[in-house]
Amino acid sequence: MLIRSSTANPILPSEITSEALFQSRRDWLKTAMAVGGVAALPALSACSVEAQGVKLAGVKANPLYLVNDEKLNKADEFKNYCNFYEFGTDKSDPPVMAKSLKTRPWTIAVEGEVLKPQVFDIDALYKLAPLEERVYRFRCVEAWSMVVPWVGFSLAELIKKVEPKGNAKFVEFVTLADKSQMPGLRSSVLDWPYVEGLRMDEAMNPLTLLTVGAFGEMLAPQNGAPVRLVVPWKYGFKSGKSIVKIRFVEKEPKTAWVKSGPEEYGFYSNVNPMVDHPRWSQASERRIGEFSKRKTLMFNGYADQVASMYAGMDLKKFF
Ligand SMILES: Nc1nc2c(c(=O)[nH]1)N[C@H]1C(S)=C(S)[C@@H](COP(=O)(O)O)O[C@H]1N2
Ligand SMILES: [Mo]
């Protein structure tokens, strides 16, 4: 169910059925109005639902996905230190510039080499599988990291629904590129739209999370609202934000970062302390909020779940 975090008259979980989670924004507003909370909602039509810090209640923590012995980052750290080049290249740009990103209506087209291509409305996507909370380490290629409680479900759940054909070998993720909303598109720092990709087995790996929230709330716009990917054993740029299209293809997708610098950013980009970036070491990283560096873990600590997918591959060549 949806409850607002910052309203003066909080909507009690008991006042809203679990169905409310799946209501369209309009219906959700009606619900809010019915319990007298709407006066506290500032000009919602002009911005995203997510910008309001909407709580995602009734989400169960999945005990299989925890990061033991490492502290969670603070929600404020996560929301204020962001990479989202469509809203500027400085870590502090997206929290300001993405505020007014329109996230309703929003659809994700799932197409390509599948038997059942479909366009999912964001509200239908919420219904596709039970939302769960998973704590993952998240490691940026720039050698900083965080520990984040994400909310979503395995991308595999969506993939099963569209029934990929035998020749679907890769999955391409295309994210929003809207000049009217994204000032960063004026810069040619990347070839827009931001495109990412995974091999089919990577996309099907249960760790790969189709993500709609974090820290118990809907994703803030700067963190990729309304829906993004989180691929925790790969460098952060593989986790595309604000996804509008998922395409199943035969050939390895041409991703935005590989196009921008193929000798610096590989298609695989598995977190690997033994393979340095040409301009810096990947052996260690700075956890946001900590002073001393910590050692980077092979596959970001997820080797047990993912190493077998790369058996026999030269990870220095396929970096
Ligand atoms: N569309 C889009 N997705 C993106 C990016 C981007 O610039 N545009 N940056 C990536 C990078 S480099 C990282 S590290 C993560 C950062 O996610 P966060 O800001 O939510 O921590 O988002 C990734 N997804
Ligand atoms: Mo990154």
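Reckoned from all heavy atoms, side chains included, excluding hydrogens, waters and symmetry mates. Because the structure is predicted, anything quoted here is derived from the model rather than measured. Both ligands and their constituent atoms are indexed starting at 1 by order of listing. We count residues from 1, following the sequence as given.
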Participant: Verify whether one side chain among Arg228 and Thr211 offers a donor that lies under 3.5 Å from an acceptor in the other.
Facilitator: no

Participant: Using a 4.0 Å heavy-atom cut-off, say whether Phe138 meets ligand 1 through its side chain, its backbone, both or neither.
Facilitator: side chain

Participant: What part of Ser239, side chain from CB on, backbone N/CA/C/O, both or neither, has a heavy atom under 4.0 Å from ligand 1?
Facilitator: backbone

Participant: For the 3.5 Å polar cut-off, considering only N or O atoms, please tell me whether Asn83 and ligand 1 meet it.
Facilitator: yes

Participant: With atoms numbered from 1 as shown, which atoms in ligand 1 lie under 4.0 angstrom from a non-hydrogen atom of Phe78?
Facilitator: 20 (O)

Participant: Would you mind listing which atoms of ligand 1 come within a distance below 4.0 Å of any non-hydrogen atom of Asn223?
Facilitator: 18 (P), 19 (O), 20 (O)

Participant: Among all protein heavy atoms, pick out the one at the shortest distance from atom 20 (O) of ligand 1; state its residue, atom name and that distance to 0.1 Å.
Facilitator: Arg228 NH1, 2.7 Å

Participant: Give me the residue, atom name and distance of the protein heavy atom closest to atom 1 (N) of ligand 1.
Facilitator: Glu86 OE2, 2.9 Å

Participant: Are Lys316 and Asp314 ion-paired here, with the side-chain N under 4.0 Å from a carboxylate O?
Facilitator: no

Participant: Applying the side chain to side chain contact (heavy atoms under 4.5 Å, CB included) test to Glu86, which of Gln181, Lys241, Met97, Met182 qualifies?
Facilitator: Met182

Participant: What protein heavy atom sits nearest atom 3 (N) of ligand 1, and how far away is it?
Facilitator: Lys241 N, 3.0 Å

Participant: Tell me which protein heavy atom sits closest to atom 10 (C) of ligand 1, plus the residue, atom name and distance to 0.1 Å.
Facilitator: Tyr194 OH, 3.4 Å

Participant: If only side-chain N and O atoms count, and only distance matters, is there a donor-acceptor pair under 3.5 Å linking Gln222 with Asp93?
Facilitator: no

Participant: Identify the protein heavy atom lying closest to atom 7 (O) of ligand 1, giving its residue, its atom name and the separation to 0.1 Å.
Facilitator: Tyr85 N, 2.7 Å

Participant: Quick one: which ligand 1 atoms are inside 4.0 Å of a heavy atom on Gly240?
Facilitator: 3 (N), 24 (N)

Participant: Return yes if a side-chain donor-acceptor contact under 3.5 Å exists between Asn83 and Lys91, otherwise no.
Facilitator: yes

Participant: Out of all atoms in ligand 1, which are within 4.0 Å of some heavy atom of Cys82? Include the element for each.
Facilitator: 19 (O)

Participant: Do ligand 1 and Trp150 have nitrogen or oxygen atoms that lie under 3.5 Å from each other?
Facilitator: no

Participant: Counting only heavy atoms not in Lys254, do more than 12 fall under 6.0 Å of its NZ?
Facilitator: no

Participant: For the pair Glu252 and Lys169, find out whether any cationic side-chain nitrogen is under 4.0 Å from an anionic carboxylate oxygen.
Facilitator: no

Participant: Which of the numbered atoms in ligand 1 are under 4.0 angstrom from any heavy atom belonging to Cys140?
Facilitator: 14 (S)

Participant: State whether Lys245 and Glu172 are salt-bridged, where the test is any N-O pair (Lys NZ or Arg NE/NH1/NH2 against Asp/Glu carboxylate O) under 4.0 Å.
Facilitator: no

Participant: Report, in ascending order of atom number, the atoms of ligand 1 lying under 4.0 Å from any heavy atom of Phe84.
Facilitator: 1 (N), 2 (C), 6 (C), 7 (O), 8 (N)

Participant: Is it true that Glu290 and Arg294 have a side-chain N and a carboxylate O under 4.0 angstrom from each other?
Facilitator: yes

Participant: Under 4.0 Å between a Lys/Arg side-chain N and an Asp/Glu carboxylate O for Lys60 and Glu133?
Facilitator: no

